[in-house]
Amino acid sequence: MSYRASAVSILALSIALAACSREPDAAPGPEATASEQAAEHTAVYPAPTEQPIDPFTYANYRQIRVSHVDLDLDILFDEKVLDGVAVLDLVYVDSDATVLVLDANDLDIKTVEANANEAWSAAPYTLGPDEPIKGSALEIELPDTAKQVRITYRTSPEAEGLQWLAPEQTAGKEHPFLFSQFQPLYARTMAPLQDTPAVRITYSAKLKTPPELIAVMSSAQDPDGTRDGDYSFDMPQPIPAYLLALAVGDFGFKAINDHIGVYAEDYILDASAAEFEDTPLMEQAINDLYGPYKWGRFDMIVLPPSFPFGGMENPRLTFLTPTLIAGDKSLTNVVAHELAHSWSGNLVTNSNWRDAWLNEGFTSYVENRVMETLYGEGRAVMERSLDLEALKRAVAEAERPELTALKMPADLAHPDDAFSQVSYAGGMFFLKFLETRFGREAFDPFLRSYFDHFAFKSVTTEDFLNYFEDNLWMDNPDAVTKEEIDAWVYEPGIPDTIEAPKSDAFEKVSAQQGLWLTGEISAADLKTDLWSTHEWLHFLNALPGDMILELFADLDSAYDLSNSQNAEIAFAWYMKAIAGGYEPALAPLDRFLMSVGRGKFIYRLYAALIEYDRRDWAAEVFARARAGYHPIAQRRIEEVFTDAG
Ligand code: BES
Ligand code: ZN
């Protein structure tokens, strides 16, 4: 373990430190990693262990680091291919290095050149075998003093990070649509890169599209620019490759304020701007807690329903699922979440997917603080309470105990395994625990200083723990014990120091539910008028697994849950309907699975259908729905079918 052994030693250090200046070190360049920066502390602080190599990259970033990527790509909808050139700027960490290793997956490499002494020449290269998760290593032999490489290439129509939609798969039905999803390791299906969160790059890009379409990226852009098929982008702030992003289609833009706005297809543009109108207040709330938003614009794009996530925090341009547009702002915690990533994740980035909780747990914590500031403690507690239910389920269902501690095991099979509720809700509850023990008056400024200190860097769990020791714990050594911290970070299961949320609103819902389940009142008599989406979700999640069909029918006829337009409510209802064998929900569920590609819903729905003896039905729906799903979702659902045997 790299953080110091006990609070006692922290005390000793604090005495030693009293004589030293607390001035922050001169900020190293944006490319410096946290461990390099920590190394500068060694006079006083033991440095964290050197960051472990990311096992999901081939890149030799310890020898050579790519600092900037320039892309020039034609977007060929007919072929479902990006065709063009990537120029990569190189920084030598090891001045003797002569080989550059990049990540590539499904790329058709045409030429590779190197620029040495202002002259380009062909560079010998090999493309290694195609591994199922990592793809292929692109090894390039560099001439002495090569400062850049230039690679001419094409992507594959099957690139897992890109979804190409035919016009009929869009709402407008007239134009095709393309969007990317590169987290955790699909940027390498778009361009040859160092595709690891340990490396940050700036980028510039030119995209050529059919002239009637608009292109946007996770970079600076002008929402009022002309639509002519030639688009240029510049991202001057260093980001990990997984935050590269692009979307191309026929969509409009609506401003929410002078630096926040939303892109969406016409049918949903006004509704999206209305649903997300509180985004400026969310930004204000986080600014007040953790310092100013650093990325200039915060725009959002509402993608077609096949987008496989609720949201994706692409810098300056968050990607969102249209299933958030519920009409009542009840699902906008996802916007708070993606906005919060502008601090936790995009500014301070996990250097390895083993440390994904540093991105997702911190972000879930900030998200919940935002919801509390905007809508009150009642809503924040309800959301935490739903999160705790989800966390308990994730821990119970984990394939192995090592996946239930915040720090993921070294032999993580796939980065996706690091993104369970353990990282999200578990990370949030850990930070809540620290918040309670140290008090907000100390914890809030501490988090703010953490975001400042590691801004534009990639960090490990141990970097965080070291920083926590030095900047919070040692000021109040009795607030927590090392055993308590270790239980959260390194030991499986939910620690007993968790602060279980207690929602009065949910207790009332449960009381009502009790009356209904025992037959004292009928479904129509439930006092649901003032129930929010969250109260409905609590009610539905708490329904007994073996509920009789009459009760399903009673609820459905009173509230038409099978046709709920709120995707979260519909999902929670379908999960119960599948388990209880309530067949009238199947036709609406079929429509849901045909029209929604959000993984959070559909992976579990397919798994439940298989578990509750509807494998054939599920396979038939999947056969029809498959082509409309994102490649990531297609693969995941195939795994659901194979894992179920
Ligand atoms: N960064 C994630 C999405 C992601 C995770 C993409 C792992 C690829 C791999 C994003 O910020 C996220 O967490 N989205 C959540 C919403 C959130 C409120 C829990 C989602 O998509 O549901
Ligand atoms: Zn997230």
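Both ligands and their constituent atoms are indexed starting at 1 by order of listing. Computed from a predicted structure; not experimentally measured.
- Those atoms of ligand 1 with a heavy atom of Q181 less than 4.0 angstrom away are 6 (C), 8 (C).
- Between the OE1 atom of E360 and the NE2 atom of H337, the angle taken at the Zn ion (ligand 2) works out to 100° after rounding to 10°.
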D278 and Y375: side chain to side chain donor-acceptor pair (under 3.5 Å), yes or no, with the steps? CA-CA 10 Å; D278 292 348; Y375 307 112; 2.5 Å; yes
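- Side-chain rings of W164 and F177 stay apart, their centers remaining 6.0 Å or farther from each other.
- Look at R369 and E435 and you find a salt bridge, because one of the NZ, NE, NH1 or NH2 atoms lies within 4.0 Å of a carboxylate O, short of that distance.
- Both the backbone and the side chain of Q183 come within 4.0 Å of ligand 1, judged by heavy-atom distances.
- Within the coordination shell of the Zn ion (ligand 2), defined by N, O or S atoms under 2.8 Å, E313 is absent.
- When hydrogens are left out, the protein atom nearest atom 2 (C) of ligand 1 is E360 OE2, 3.4 Å; that is the closest non-hydrogen contact.
- Annotation for ligand 1: atoms under 4.0 Å from non-hydrogen atoms of G310 are 20 (C), 21 (O), 22 (O).
- For atom 3 (C) of ligand 1, the nearest non-hydrogen atom of the protein is G311 O, 3.6 Å.
- Salt bridge status for R440 with E372: present, with a side-chain N to carboxylate O gap under 4.0 Å.
- Of the charged side-chain nitrogens involved, at least one lies within less than 4.0 Å of a carboxylate oxygen, so that E377 and R384 count as a salt-bridged pair.
- Close contacts of ligand 1 with V334, meaning ligand atoms under 4.0 Å from a residue heavy atom, involve 18 (C).
- Nearest N, O or S atom of H341 to the Zn ion (ligand 2): atom NE2.
- Polar contact check, Y424 against ligand 1: a nitrogen or oxygen pair lies under 3.5 Å apart.
- Stacking of K600 on the aromatic ring of F309 is not recorded, the 6.0 Å distance cut-off and the 45° axial limit not both being met.
- Looking only at protein heavy atoms, the nearest one to atom 15 (C) of ligand 1 is E338 OE2, 4.1 Å.
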